[in-house]
2 protein chains.
Amino acid sequence: MFEARLSNGGILRKVFEAITNLVSDVNLECNESGVTIQAMDNSHVSLVGLYLKDTAFERYRCDKNRTLGLNTQNVVKLLKLCSNDDQVLLRHDDDSESLIFIFETPGGDRVSEFELTLISIDQDSLQIPETSFSSVVTMPSNEFQRLCRDMAQFSDSLSIDVTSKNVRFSTKGSLGSGSIILRPKEGADSEAVALDVSEPCQLVFSLRYLNNFAKATPLSNSVKLSMSENQPLELEYPLEGSGSGHLRFYLARKITEDDEQE
Amino acid sequence: MFEARLSNGGILRKVFEAITNLVSDVNLECNESGVTIQAMDNSHVSLVGLYLKDTAFERYRCDKNRTLGLNTQNVVKLLKLCSNDDQVLLRHDDDSESLIFIFETPGGDRVSEFELTLISIDQDSLQIPETSFSSVVTMPSNEFQRLCRDMAQFSDSLSIDVTSKNVRFSTKGSLGSGSIILRPKEGADSEAVALDVSEPCQLVFSLRYLNNFAKATPLSNSVKLSMSENQPLELEYPLEGSGSGHLRFYLARKITEDDEQE
DNA sequence: TTCCAACCGT
DNA sequence: ACGGTTGGAA
C-alpha cells in the first residue's frame, strides 16, 4: 500500500505541468524515503529529476517499493480537476493497475476520487549521480525565465560565462546580439543573485531546452544553475513549502562550431 | 397587442444564450398569464422549457394569445446590443410579422429599437407535464457546471447516484475513472448542496447534453436536479430577480450496455 | 467534429 | 494575468 497526502495539490500540478513538455511518460519511483522521477526527455537530450522526500508530505506511507508508470499529460489533466487549496491524497494498492487521486475540499463536503490507469514504460532506470560543480549561480526564477525568453529572440544558443565576480548570459544571431550581466547583490536575500565559483566556466546551451525547463518557474522563487566545464548543467528548482524536495533538469552543453573544428 | 417590459435585459439574453446551442428555432407562446417556450432540441433528444410568469415582468399585457417564432441565434445577436441593466420592452402588434425590441438605458436618455422578423415553425406544441420526483438535488450551479466539464474528460456518460446521505457523480473512460461525492452542508444556505430523497436512484446521462444545459449557469446561483428511476432528469435554473420563472431542461437517461442486455 | 488561436471577462 | 469562451480552420 502506498499512500501520500499533500496539503497543497498545486505543487504536484505545477511539477507535472513543468515536465509534460519534456517527457510524455514517466516512472514514479516510490519507496519508504519518498518519491522520485528520473527521466530522459522525449528527444533523449536532457534529463528530468524530481525528488519529493517523505517529509514533504503531510502523511506518507510506502510499505513496499513500487514503480508507477504515468502519462504526464493525463496527470496534468487530472490535477487540473482539483482546486488549488484542495488536499490531495495519492493511493496505490499493491499490484493495482491504477493510481488513485483523492481531492478533498478543506471543509470535507466535497470529495472527488479519480483513478488513473497506469502504463508500463520500458525505460532504463537512470541513476543520476549527485555531482559537485565549480560554478553555482542562484537567481530569481522569474528573472531566469525572462532572460531565456528574451535571448531566444536572437538565437537558440545561450552562452553562460561565470566568474567569481559576475555571470554573463549572451547570444548572437542574425538580427544582432544580446548580453545580460548579473552581479551578486549586496544585501543578499533569497531574491537576489548569488555566485559560488571555485573555477570560472564558459558554456553554451540550447535555449529551446532552457525555455522548457523554465516552465517550472511557478514552483519556486529561485533557481540554481550549477556548472562545470565538460559537465552537464544542473538546473534546480527547490520545491517551496514542501519541506524538502526539488525538481532538477540536466542539459549537456551545446556542441558549437568551435568544438567541431577540434 | 402584446407588450412586456423587463427591467433586466440580461436575463433574457442569458436565457437565449443558454438555449441557442440546443434549439435553433423556438416558438414563444404568449398568453395573459405569461410567456413560455417548450421545445425539443435539434437532435430530438432533450427538451427545453422556459416559463416567465406575467409577474416576472415589470409591465405585462397580452390581449390575445399568440405564437412568436424566433431564431434563437438572431435573438442572441439582438440582445447583445443591449447593456446588462437596460430595460427591455418587447412588443408585438397583432398580426405583425415582426417582434419589436426596445432597449432603454436606466436614465432613459438612450432608446434603441430593433425589429426581428418572425419565422414560422411547424413544430408540435409540446405540453411538458409537471411531474414529481423521488430524488431532488439542489446545488450551486457553478459547481454543477464545473463537475460536468471535469467529468467530460473521462467519458460522455455521467452516472448520478442519489441516496438520502449524499450524491455521487461518477464516470469511467479509457484514461481512468472519476467520482465526486457531495454531502449536504451543515449550515445550509442557498449556496450549499441539499438533498430531498424519498427513494434513492441511480441514473446515467449524456455529458454532452448536460454540458449544454450548464450554459444556463449565469442565470442562477443554484440548480435543481430532479430524478426518478425510469423518468427523464429535470434540470431547473430558477430565474433570479424575475419574480417567478425558470428555465428547465429534460433529458432521458442514457441507454447503457446493461439496458441493451435486458 | 475536433483542435487551435485570438478575444474578453474576471 | 489567468481562465473561459468563442470563432475559425483542419
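Keep in mind it's a predicted model, so treat the numbers as computed, not measured. In what follows, every chain begins at residue 1, and chains take the letters A, B, ... in the order their sequences are listed.
At distances below 3.5 Å, at least one donor-acceptor pair connects side-chain atoms of B:Q38 with backbone N or O atoms of B:I128.
Rounded to an integer number of Å, the gap from B:N212 CG to D:dT6 P is 11 Å. A straight line from CD of B:Q145 to P of D:dG3 spans 16 Å, rounded to a whole angstrom. Protein atom CD of B:Q153 is 11 Å distant from nucleotide atom P of D:dG4, rounded to whole Å. Rounded to a whole Å, the NZ atom of B:K77 is 10 Å from the P atom of D:dG7. Rounded to whole angstrom, the span from the NZ atom of A:K215 across to the P atom of D:dC2 amounts to 13 Å. With rounding to whole Å, B:N21 atom CG is found 14 Å from D:dG4 atom C1'. As rounded to whole Å, 14 Å separates atom P of D:dG3 from atom CG of A:L79. One atom, CG of B:N211, and another, P of C:dT2, lie 13 Å apart when rounded to the nearest Å.
Partner B:F249 forms a ring-ring contact (aromatic ring centres under 6.0 Å, His included) with one of B:Y209, B:F144, B:F213 and no other, that one being B:F213.
Residues B:R168 and B:S179 are in side-chain contact: their nearest non-hydrogen atoms beyond the backbone lie under 4.5 Å apart. You'll find the side chain of B:Y237 reaches within 4.5 Å of the side chain of B:S141, heavy atoms only.
Contact annotation: B:R149 reaches the phosphate of D:dG4 (side-chain N/O to OP1 or OP2, under 4.0 Å).
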